[in-house]
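Right, one structure below, let's go through it.
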Amino acid sequence: MIRAFSVDSVRRAESAAMADLPDGELMQRAATGLAEVVAARLEQRDGDRVVALVGSGDNGGDAAYAAARLAADGHNVAVVLLSDRAHEDGVEAARGAGCVVLAAESDPDEVTATLGEADVVVDGVTGIGGSAGLRESAVRLRDAVPETAYVVSVDLPSGSDPAGIEPGETFFADETVTFSLAKPVHLLPAGEAATGLLTVVEIGVEEPERAAVERLTRADIAEMWPVPGPFDDKYTRGVLGVVAGGERYPGAAVLATTAAATAGVGMVRYVGPPTPTGLVHAAVPEAVPGKGRVQAWLVGPGLDSGDRTSPGRAQLRAAEDALGEDVPCVVDAGALDLLSKPRSAPTLLTPHVGELARLAKRLRPRGLPRAGRSEASWVQMTRERPVLVARAVADRLDATVLVKGAVTVVVPPTSTGLPVRSQSDGPAWLATAGAGDVLAGLAGALAASGCSMLDTGSMAAAVHGMAADRANPGGPVRALDVAHALGRTVAGVLTEPA
């Protein structure tokens with residue numbers, strides 16, 4: 001499992017490590033590891049010219065000392081100071097090792113020309129003591145970095161929020177080198193794209209007990225996945241009730257039930273009007289029609305909350321009945337419109353950004369920044385701050401919230417004390433109609449097997465992405481093909497080497 005830790009936890013862990021070390025030893029270890037990574041990238045690129053951008057924080061000191069090491073090893077290194085408060089000893093070490101030292105404010109033309117010749121740029125502008133966004137002077141430097149240069153950020157991409165919550169103008173790194181402990185920014189939507197390749201250099205800081213963000217690996221999923229034993233039957237493996245689809249969106253029912261059955265649920269009970277019922281029985285003949293005892297419900301894929309026809313009203317009543325039962329429930333798409341208060345049983349919501357924005361606008365949970373009256377303004381806020389909005393909704397409804405995206409986050413209520421989970425396992429091709437219905441069916445199967453909502457959401461997000469890769473590696477995928485690939489994907493996770 002990949003674990004990331006809050007800034008406060010990191011600072012406490014670093015302080016504990018420094019208490020047993022000579023003064024400055026931790027920074028020297030960080031600088032050594034950083035220099036080794038940069039030297040390796042220079043060799044891979046057959047380059048020699050390094051430009052280190054040095055800010056006033058400790059990561060600026062890391063960058064300056066790394067520059068000194070690289071220069072001492074014979075590389076052509078320039079150091080650009082963004083502040084007159086840059087780490088004095090680090091800058092002196094760089095100057096003493098033969099680095100060219102420039103000031104961004106007083107030597108702008110020379111700095112721009114120097115950056116234009118760089119093979120590797122070391123971004124040490126801001127670190128975990130910073131906040132979202134860059135000053136104009138830093139933006140100018142970032143924009144002067146040539147496209148051909150390989151950017152290595154120190155600890156985190158400068159300008160990104162260390163907590164991974166707030167958006168802002170940022171450096172985009174090809175690689176981020178952090179030390180001993182990953183931070184939330186590396187794994188959450190606001191920072192992962194800017195992080196690039198994440199390299200963790202061990203410098204002797206012990207992991208805190210509690211992580212702020214976690215990401216499951218294949219090995220984690222193999223250990224956690226509900227595998228039936230010799231005395232299990234279809235009932236003990238889990239019965240999933242599905243209220244999905246309607247006369248307008250019948251295909252959602254097919255996708256969700258196919259996914260649940262293929263992922264290994266013991267039984268699917270499908271509740272729906274005539275058209276989707278016929279399609280479900282043709283595609284998933286093992287699905288059992290009508291209501292009955294279930295271990296969990298999946299409610300909402302393809303549900304039209306505005307359908308006032310007789311079949312539509314009946315489907316809405318079935319959805320409301322399912323939400324009222326005291327069993328775990330995965331709530332997707334149209335059924336999100338039916339929620340206004342916490343349920344009595346574990347609940348996982350699976351909205352995309354637009355659905356989460358609509359839900360937040362209706363519920364007005366505490367803890368959100370002010371948004372305009374329009375739905376577009378709420379969507380913009382949610383797209384920029386998905387974890388923040390998901391947390392507010394999770395707390396309001398006492399539910400776990402999975403927000404679908406290139407980086408999918410699974411956010412439990414604050415009261416649980418559990419970390420956020422973050423998964424980024426699927427190709428961009430997975431952004432296609434019906435993919436969410438498949439994800440919901442997969443999540444429903446896991447919920448029916450007895451998994452917690454946090455494990456259900458994170459495992460479903462991971463395996464969903466892996467199945468998309470398996471369905472058509474490197475190319476476009478159909479949602480139905482992803483559903484059909486789930487069984488082989490799960491088998492691969494359980495039996496193939498990680």
- Exceeds 12 heavy-atom contacts within 6.0 angstrom, atom CD of Q44: yes
- Check each of T495, T262, V463, V227 against V490 using the side-chain contact (heavy atoms from CB on, under 4.5 Å) test, and report the only one that passes. V463
- Task: Salt-bridge test for D220 and R215: reply yes if a basic N is under 4.0 Å from a carboxylate O, no otherwise.
- Result: no
- Query: Does the side chain of V213 reach to within under 4.5 Å of the side chain of P419, using non-hydrogen atoms?
  - Reply: no
- When rounded to the nearest 0.5 angstrom, what distance separates CE in M224 from OG in S452? 6.5 Å
- Message: Working note: L34 + V152, criterion side-chain contact (heavy atoms from CB on, under 4.5 Å); need CA distance, chi angles, decisive distance, verdict.
- Response: CA-CA 9 Å; L34 174 61; V152 177; 4.0 Å; yes
- Item | Nearest atoms (heavy-atom pairs only) where L368 meets A360 | CD1-CB, 4.2 Å
- Message: side-chain contact (heavy atoms from CB on, under 4.5 Å), that's the test. Do N472 and D481 meet it? Break it down for me.
- Response: CA-CA 8 Å; N472 188 23; D481 291 340; over 6 Å; no
- Task: Take atom CZ of R362 as the centre, draw a 6.0 Å sphere, and report whether it contains more than 12 heavy atoms from other residues, nucleotides or ligands.
- Result: yes
- Query: Would one find more than 12 heavy atoms of other residues, nucleotides or ligands at under 6.0 Å from atom CD of E209?
  - Reply: no
- Query: Donor-acceptor pair, R237 side chain versus G264 backbone, under 3.5 Å?
  - Reply: yes
- Message: Using 0.5 Å steps for rounding, measure from the CZ atom of F179 to the OG1 atom of T199.
- Response: 10.5 Å
- Can you name the closest pair of heavy atoms from S160 and L156 and give their distance? OG-CD1, 3.7 Å
- Query: Considering only heavy atoms from C-beta outward, does the side chain of P289 approach that of R269 to under 4.5 Å?
  - Reply: no
- Query: Taking all non-hydrogen atoms of both residues, which atom of L356 and which atom of V389 are closest, and how far apart?
  - Reply: CG-CG1, 3.8 Å
- Would you check if the side chain of R293 reaches a backbone N or O of V239 as a donor-acceptor pair within less than 3.5 Å? no
- For G245 and P276, which heavy atoms make the closest approach, and how far apart are they? C-CG, 4.4 Å
- Any donor-acceptor pair under 3.5 Å linking the side chain of T258 with the backbone of L255? no
- Pair R142 + D123, salt bridge at N-O below 4.0 Å: no
- With rounding to the nearest 0.5 Å, note down the distance linking OG in S158 to CG in N59. 6.0 Å
- Task: Starting from the C-alpha separation in whole Å, work towards a yes-or-no answer on side-chain contact (heavy atoms from CB on, under 4.5 Å) for R478 and H484.
- Result: CA-CA 10 Å; R478 292 183 59 199; H484 285 150; over 6 Å; no
- Query: Does any non-hydrogen side-chain atom of P328 lie less than 4.5 Å from one of M453?
  - Reply: yes
For residues 426-449, which side-chain N or O atoms pair as donor and acceptor with protein atoms under 3.5 Å away, sequence neighbours left out?
unit_1 : atom_1 : unit_2 : atom_2 : d
S449   : OG     : L446   : O      : 2.7

- Message: For T275 versus P250, what's the shortest heavy-atom pair and its separation?
- Response: CG2-CB, 4.1 Å
- Task: Without swapping roles, check the side chain of R343 against the backbone of V327 for a donor-acceptor pair under 3.5 Å.
- Result: yes
- Item | R470 side chain to V482 backbone, donor-acceptor under 3.5 Å | no
- Message: I'd like to check L359 versus V401 (side-chain heavy atoms, cut-off strictly below 4.5 Å). Are they in contact?
- Response: no
- Message: Let me confirm one number: the CZ-NE2 distance from R383 to H352, rounded to the nearest 0.5 Å.
- Response: 10.5 Å
- Polar side-chain atom of R385 near backbone of E166 as donor-acceptor pair, under 3.5 Å: no
- Message: Looking at D58, I want to see if its CG is surrounded by more than 12 non-hydrogen atoms of other residues, nucleotides or ligands under 6.0 Å.
- Response: no
- Query: Any side-chain donor paired with an acceptor under 3.5 Å for T309 and E247?
  - Reply: no
- Task: Answer yes or no: is there a donor N or O on one side and an acceptor on the other, between the side chain of Q423 and the main chain of L216, under 3.5 Å?
- Result: yes
- May I have the step-by-step check of side-chain contact (heavy atoms from CB on, under 4.5 Å) for L349 and T347, ending in yes or no? CA-CA 7 Å; L349 316 183; T347 306; 3.7 Å; yes
- Item | K404 and D332 ion-paired at < 4.0 Å | yes
- Might you point out which heavy atoms bring W297 and L240 nearest each other, and give the distance in Å? C-CD1, 3.8 Å
- Query: Could you state the interatomic distance from OG1 (T126) to CG (L134), rounded to the nearest 0.5 Å?
  - Reply: 6.0 Å
- Message: Do V353 and V403 make a side-chain contact, defined as non-hydrogen atoms from C-beta onward lying under 4.5 Å apart?
- Response: yes
- Nearest 0.5 Å please: distance from the CD1 atom of I221 over to the CG atom of L494. 9.5 Å
- Query: Is there a donor-acceptor contact under 3.5 Å from the side chain of Q315 to the main chain of A244?
  - Reply: yes
- Task: Output yes when D395 and R366 qualify as a salt bridge under the 4.0 Å nitrogen-oxygen rule, no when they do not.
- Result: no
- Message: Quick one, S422 and I2 - any side-chain contact, counting heavy atoms below 4.5 Å?
- Response: no
- Message: Closer than 4.0 angstrom, basic N to acidic O: yes or no for R41 and D174?
- Response: no
- Item | V145 side chain reached by L141 side chain, heavy atoms, under 4.5 Å | no
- For V379, does its backbone N or O pair with a side-chain atom of R358 as donor and acceptor, under 3.5 Å? no
- Message: Just checking E320: does its CD atom have more than 12 heavy atoms from other residues, nucleotides or ligands closer to it than 6.0 angstrom?
- Response: yes
- Item | Heavy-atom neighbours of E223 CD exceed 12 at 6.0 Å | no
- For residues V387 and P189, determine if any side-chain heavy atom of one lies less than 4.5 Å from a side-chain heavy atom of the other. yes
- Message: Under a 3.5 Å distance rule, please check whether H281 uses its side chain to pair with a backbone N or O of G278 as donor and acceptor.
- Response: no
